[in-house]
Amino acid sequence: MRIERARGTRDFLPKEMRKRRIMEERMRDIAERWGYEEIRTPTFERAELFTQKSGQAILKEMYEFRDKGDRHLALRPELTAPVIRMYINELKMTPKPTKVYYFGNCFRYEEPQKARYREFWQFGTEIIGSDRPEAQAELIALAFHILKSLGVKAELHVGHVGLIRERLRVLHADEEQINTVMRLMDKGEREAVIESMDERKRDEIGYLLDGLSDLIDSKDKDAFKEARDRNIIASDSNALQELELLLELLEYYGVDYTLNLGIARGLDYYTGMVFEIYEAGGKLGAQNQICGGGSYRLAKLFGGDDIPSTGFAFGVDRLEEIFSVDDKDLERRGVVVVPIRDKDADREVMKAAIEIASRLREFVPTHIDLMNRSLSAQLKYANAHHDSFAVLVGKNELKEAKVTLRNLNTGEQEKISVDDLCDEIKGLF
RNA sequence: GCCGGGGUGUGGUAGAGGCUAUCCCUGGGGACUGUGGAUCCCUAGACCCGGGUUCGAAUCCCGGCCCCGGCCCCA
C-alpha cells in the first residue's frame, strides 16, 4: 500500500533544495552582516505560549496535542513568541538591543493553496529591547535589502496601530473593544466598527474613521498636519511623532514605502509600527504577502519585563516561488572516478580508485562506482549526471603510476600523475 | 470553515462502457570484456482509495484521500 504525503506538506528534491539553500545563504549572510545572530527554538512548545499571544482562536489552526505526560503542546505556528520566550528564559542579561534571526519550519492547520502549506518556513529577525523608529527603520531596511538580493519586486506598506489605539483610548474604549475595532478596520468594515462601539460614541468614531480613511487615501505625509488640525490625531500623539521619524529614516535608507494606516495585522499584540510587504510582480495570486512585522510588547505577557521589541518574518516558501536562479547554478557538476576492473588486478584497481576519490573529495563532489558497472556503463552514468571529468583508473594506468583524466565535455583525455590530477581539478572547482 | 477544477508507470500523456491500457521521457541490463551521449533489443513500472451500477468500469454514480485555484485569514 502506497503511503501518501500528509496534506499540505512537501518533499524537496535535490534541485529544489539547492535553490532553497542558495536563498537561505543569502538571507543569512545579509542578516549576519547587519549584526544579527542566528538562534533556534524547539519545533513544539507549550500551547499556552501561542494562545496567550494570539488568543484561543488560534487553537483551531494549530497542530496541538497532549503528550504522554498530559502536557498541552503545539507545533509552532510562528516564531516570534518562541523567540521572546527564549529571550526571557535565556537571554535576559544580554546587552540591549539583542538582535537575532531565525530560519525554521512552522505549522498551521489551514487549507493548502498556492504558496500556502501546512508546513512552511519562516525567516525572520527580532530586535529585542527597542521599538524606537531607529529600530523600526533598520528592520524594514533589512527586510528590503534581503528582498532586493533575491530579486523580488516588493511593495512596502507601513502603518502604525498606535495612532488609532491612542484615539480609541481617548474615547474610553477598553482594550478588548480596541482589539475588535482593529480587526474590523483591517478588513475595512467601517459600519461594523461603528456598531461595535457604544451608541454614545458612534458619531465620534464615525468622524474619526472618515478622517482616518482620508488620511489613508491621501498617502501623503502632509495629511498628518491636517488630520491633527481636525483632531483626528491627538496634537501630542507619540505615535505620530514616531511614524514621522520612521518615514524620514526610511528615506535615508532609500526605502520606498506606501503609507497604509489601515494595517492592523489582525493581531492584538502589535503596539506600534506595523508593516506588510507584498510581491509586486503578480506571481503569487491571492497569497501575495511575503513579509509582515512591526513593534510589539510580548515579553511581559510571558512573565518577563515589559521590553519593547520589533520584528518581521518572511514567508520563505512564497519567496521561493518568486526567486529564480539560472539552471546551471542548480546543477551540481563533479568528478567521477572510474575503476576499470580486471580479474587479475581488481583489488589493486579499487584500492587506487578509492584513494584517489578520497583525495578529490577534499575539494570537489566526487563519485565512484557503487554498482560494479562496466567502463562504458560508468561513463554513461557520468554523462547522465552531467559530471565534468572522469578519472580512469585501470591496470594500465597503475603500471605507470598515473591515471587517465578525461574531460567529459570535450572528450579530450591525458595520462597524468595523481598529484597533477589534484592540482588541475582544484583549479577548476 | 465555504466554493470551483482535477487525480492513468519517475515525470508528461492517449483513452469517453468491451482484446493483454497508448505513446514520449525515465530506471536496470545488453548489443559494446579499456572509452559516454546515437541506434537497436530485453526488462522494470500506472488506472488515488473504498463502495455501488453493469455480463463487463480507468471510463458512469456515491463517499473519502490528495493536488490545483478562489473566499476568509495569514507568511
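A note on names: the letters A, B, ... follow the listed sequences, proteins ahead of strands, and every chain is numbered from 1.
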Would you please name every residue forming a side chain to side chain contact (heavy atoms under 4.5 Å, CB included) with F65(A), sequence neighbours left out? L73(A), L75(A)
In the strands shown, is rA31(B) matched to any nucleotide by a Watson-Crick or G-U wobble pair with both distances under 3.5 Å, and which? rU39(B)
What residues 379-390 of chain A contributes to the RNA chain B interface at heavy-atom separation below 4.0 Å is L379(A), K380(A), N383(A)
Describe the nucleic acid contact of G124(A) in one word from base, sugar-phosphate, nothing, applying a heavy-atom distance below 4.0 Å. nothing
Selection from rC68(B), rU35(B), rC74(B) that lies nearest to any side-chain heavy atom of Y117(A): rC68(B)
Partners passing side-chain hydrogen bond (donor to acceptor under 3.5 Å, both in side chains) against T51(A) (at least two apart in sequence or in another chain): none
Distances for protein N/O vs nucleotides 63-67 of chain B N/O pairs under 3.5 angstrom?
{"residue": "rC67(B)", "atom": "OP1", "partner": "G8(A)", "partner atom": "N", "Å": "2.8"}
{"residue": "rC67(B)", "atom": "OP2", "partner": "R7(A)", "partner atom": "NH1", "Å": "2.6"}

Taking the six-membered ring of F107(A) as reference, does the NZ or CZ atom of R118(A) fall below 6.0 Å from its centre and within a 45° cone about the axis? no
Partner set under side-chain hydrogen bond (donor to acceptor under 3.5 Å, both in side chains) for S149(A), not counting sequence neighbours: none
Closest to the side chain of F120(A), out of rG34(B), rG29(B), rA75(B), is rA75(B)
Specify the separation, in whole Å, of atom CD1 of I277(A) and atom C1' of rA75(B). 12 Å
Under the rule for ring pair (Phe, Tyr, Trp, His ring centres under 6.0 Å), what residues qualify as partners of F123(A), not counting sequence neighbours? Y101(A)
Not counting sequence neighbours, which residues clear salt bridge (Lys or Arg N to Asp or Glu O under 4.0 Å) with E138(A)? List them please. K99(A)
May I ask you to say what I340(A) touches in the nucleic acid, namely base, sugar-phosphate or nothing, with a heavy-atom cut-off under 4.0 Å? base
Across all strands, who's sitting opposite rG4(B) as a Watson-Crick or G-U wobble pair, both distances under 3.5 Å? rC68(B)
Taking any heavy-atom pair under 4.0 Å as a contact, classify R341(A): base, sugar-phosphate, or nothing. nothing
Watson-Crick/G-U partner (both atom distances under 3.5 Å) of rC74(B): none
Once you apply a heavy-atom cut-off of 4.0 Å, does N396(A) come out as touching a base, just sugar-phosphate, or nothing? base
Residues at least two apart in sequence or cross-chain that pass salt bridge (Lys or Arg N to Asp or Glu O under 4.0 Å) with R116(A), listed by chain then number, are none
For atom P, what is the distance between rG1(B) and rA44(B), given to the nearest Å? 45 Å
For rU53(B), which nucleotide in any strand shown is its Watson-Crick or wobble partner with both distances under 3.5 Å? none
Of the nucleotides rG34(B), rG29(B), rC73(B), which one has an atom closest to the side chain of M371(A)? rG29(B)
Partner residues of F323(A) under the ring pair (Phe, Tyr, Trp, His ring centres under 6.0 Å) criterion, sequence neighbours left out: none
Spacing of the P atoms in rC40(B) and rA58(B) (rounded, Å): 33 Å
In whole angstrom, give me the gap between the P atoms of rC48(B) and rC67(B). 16 Å
When you check the gap from the basic side-chain N to the acidic O, do D420(A) and K402(A) get nearer than 4.0 Å? no
How far, in whole Å, is rG18(B) from rC2(B) if one measures between their P atoms? 37 Å
Applying the 3.5 Å cut-off to both distances, the Watson-Crick or G-U partner of rA44(B) turns out to be rU26(B)
Closest nucleotide among rG34(B), rU35(B), rA75(B) to the E397(A) side chain: rG34(B)
Neighbours of RNA chain B within residues 30-38 of chain A, by heavy-atom distance under 4.0 Å: none
The test is side-chain hydrogen bond (donor to acceptor under 3.5 Å, both in side chains); show your working for Q136(A) and T310(A) and say whether it passes. CA-CA 6 Å; Q136(A) 298 166 5; T310(A) 306; 5.2 Å; no
By side-chain hydrogen bond (donor to acceptor under 3.5 Å, both in side chains), which residues pair with R7(A), not counting sequence neighbours? E111(A)
Residues forming a salt bridge (Lys or Arg N to Asp or Glu O under 4.0 Å) with D305(A), sequence neighbours excluded: none
